S.K.: 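Here you go, one structure.
Values below: every heavy atom of this structure, side chains too, minus hydrogens, waters and symmetry copies. We're numbering straight along the sequence, starting at 1. In this text, all values refer to a predicted model and were calculated from it rather than measured experimentally.
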Amino acid sequence: MAVSTTYRTCPRTGLQFEAQAEKLMMANAFMAVVALLVGGLLAIGVVLTRWPAVHWLPADTFYMVLTAHGIDMLIFWIIFFEVAVLYFASSTLLRCRIATPKIAWAGFVLMLVGAVWNNITVFQGESSVMMTSYVPMMAHWSFYLSLILFAVGALVACGVFFGTLVVAKREKTYEGSIPLVTFGALTAAIIAVFTILSGAFILVPTFFVSVGLLKSVDPLVYRVVWWAFGHSSQQINVAAHISIWYAVAAIAFGAKPMSERVSRGAFLLYILFLQLASAHHILADPGVSTEWKIVNTSYFMYFAVLGSMIHALSIPGAMEVAQRAKGYNKGLFEWLRKAPWSNPTFSGVFIALIGFGFLGGISGVMMGTEQLNLLIHNTIYVPGHFHATVVVGTTLTFMALTYFLIPALFKREMIAPGLAKLQPYLFGFSMYFFCLVMMGAGTLGVSRRHWDMAFSGNALAYEWPGAAYLMMGLVGIAGVAAIAGGAIYIYVTVGSLLWGRRLDAGAPSPRFTPVSRAAPTAAAQTYGSAGFVAPGTFVLAMFFLVAFVLYYFVNWKYLGQLWSLS
């Protein structure tokens, strides 16, 4: 029997929000933005210290700031927002009540306590161990316990998401299969369970070491298991932000996926292969066998890449099919020229999609190849790569979705619409350049984490080529520009919640109503395929393939010059 609840239908989007789910989405999204604000402020210290000409913070402060920046940005900002996305993709898209709202709020409280406590612990200065927290370098016991609390809260949220899918199925709030966006969120949640359990397997013993209940944790075992948690966290992000790309294609264009079955198959490839195929952090380690490395880099990685290539073709292809159906048929690219580039939800997603594919995807495959991994392992190329995936791909996508959610979920009109239109371009293109020059510095060998690349004052100082200093200087300039783009996002979103004009919330209802076929978001809430008439997208895909092959060849050429054979 259904629990009595209240629904409202947004008059602008046709989305139906259940009262408890709506409050949970708002709370999680708000905390996500707070974590982004803290992480963004810390980014100023990281960027201005790695910029050799400025070199702002002393070493101990730098490592403390870097630790907090990494955790706030990679864990707290992203996972709080992803929990909001899970509730949106289940309760809102399926038009059903959320399962066990009290348990969902308990999960939120655990996440909130864990996030605040972890920041306090790091800022006390006893836990400057970076996000990776490699043993035997130990943090304060509260560092591990706060992360464990946050992870348990996130695991609870995943359980509530699964329960909400059961509620929707039992109460028959949708017809046929769940929508593709919800299916993608389901993929993210399944990967999240694997990821969080992996974190528990290694962080719980490390916590026991920190309080003296265990003598030690083997460093090689720690690295292998930690990266099953650390890198798989990014795979949650990939599944989540690709789901949002499909949602935005549906919202902005009324676009259906080119093939529902193929897109769903690509998500399944993520579940099976994405975690294994992306463990480039341990390919230079003796902690995994040669056989595992060969299978990982020669087979599994390409199944994961296949999934991403399918999405890379399907999402812009769906946009093109929808645009051509509206009459934008001139040449290969009129559909793209006439896209709503002034809408920050669309522009943010498209900039994220291109940057994620060209910068994050190509560099990730290169790093996932064992031989090429040795070129740039533990250099600043690695954060260049994951800023392309996590920041350009995930963060910019979440920013873009926020511009849609402010009127739809928070019922506020956006302030400063001109700044909102500018923000995805400033932030996205600054991060493009930031990632490129960081990868360039890494190719020249600049270390990943060291406070002072010049090793000034040391007996064994290293003479870097001038190009390395130039690249790191450009990293600083691009980083400051990207931080400015992030500040605009914070101003527009928080300002809209505080000062934006209140909008009509829509009439409340005691029960869910079926999705109207005329609703602007109907394409995101139903099952269906659009077909493959997308010649412009196929040309773009071929351009991507050529760029991929050229970059791959250049790196093998570079490796061949380093390891010359007579």
S.K.: Under the ring-ring contact (aromatic ring centres under 6.0 Å, His included) rule, what pairs show up with a residue in residues 25-55, not counting sequence neighbours?
M.R.: H55-W451
S.K.: Looking only at atom types and distance, does a side-chain atom of H241 sit under 3.5 Å from a main-chain N or O of N237, one as donor and one as acceptor?
M.R.: yes
S.K.: Should we say atom OH of Y134 is surrounded by more than 12 heavy atoms from elsewhere, each under 6.0 Å from it?
M.R.: yes
S.K.: Measure up the W335 and F333 rings against each other and bin them: parallel (under 30°), tilted (30 to 60°), perpendicular (over 60°).
M.R.: tilted
S.K.: Has Y551 got more than 12 heavy atoms of other residues, nucleotides or ligands less than 6.0 Å from its OH?
M.R.: yes
S.K.: Would you tell me whether T369 and Y552 have side-chain atoms, one donor and one acceptor, within less than 3.5 Å of each other?
M.R.: yes
S.K.: Output, in order, the C-alpha distance, side-chain angles, deciding distance and verdict of ring-ring contact (aromatic ring centres under 6.0 Å, His included) for Y270 and H311.
M.R.: CA-CA 11 Å; Y270 278 178; H311 293 308; 5.4 Å; yes
S.K.: If you look at every heavy atom in F303 and L269, which pair is closest and at what distance?
M.R.: O-CD1, 3.7 Å
S.K.: Indicate yes or no for a side-chain donor-acceptor contact from S127 to the backbone of H140 under 3.5 Å, with no hydrogens or angles considered.
M.R.: yes
S.K.: Tell me, please, which residues at least two apart from F76 pass ring-ring contact (aromatic ring centres under 6.0 Å, His included).
M.R.: F150
S.K.: Are the side chains of Y403 and Y489 in contact, using a 4.5 Å heavy-atom criterion?
M.R.: yes
S.K.: Indicate yes or no for a side-chain donor-acceptor contact from E320 to the backbone of T537 under 3.5 Å, with no hydrogens or angles considered.
M.R.: yes
S.K.: Stepwise, does the side-chain contact (heavy atoms from CB on, under 4.5 Å) test hold for T345 with L401?
M.R.: CA-CA 6 Å; T345 298; L401 184 66; 5.6 Å; no
S.K.: For a side-chain contact (heavy atoms from CB on, under 4.5 Å) check, start with the C-alpha distance between T132 and R449, then their side-chain angles and the critical distance, and finish with the verdict.
M.R.: CA-CA 12 Å; T132 47; R449 291 185 172 117; 2.9 Å; yes
S.K.: Would the distance check show the side chain of W341 and the main-chain N or O of L336 forming a donor-acceptor pair, the cut-off being under 3.5 Å?
M.R.: yes
S.K.: Name the orientation class of the two ring planes belonging to F543 and F358 (parallel below 30°, tilted from 30 to 60°, perpendicular beyond 60°).
M.R.: tilted
S.K.: Is it the case that the side chains of T443 and Y381 hold a donor-acceptor pair, with the cut-off being a distance below 3.5 Å and no angle test?
M.R.: no
S.K.: State whether the side chain of S314 and the backbone N or O of I310 hold a donor-acceptor pair below 3.5 Å, judged by distance alone.
M.R.: no
S.K.: Determine, step by step, whether F273 and V305 satisfy the side-chain contact (heavy atoms from CB on, under 4.5 Å) criterion, reporting the C-alpha distance in whole Å, the side-chain angles of both residues, the deciding distance to 0.1 Å, and the verdict.
M.R.: CA-CA 9 Å; F273 298 107; V305 172; over 6 Å; no
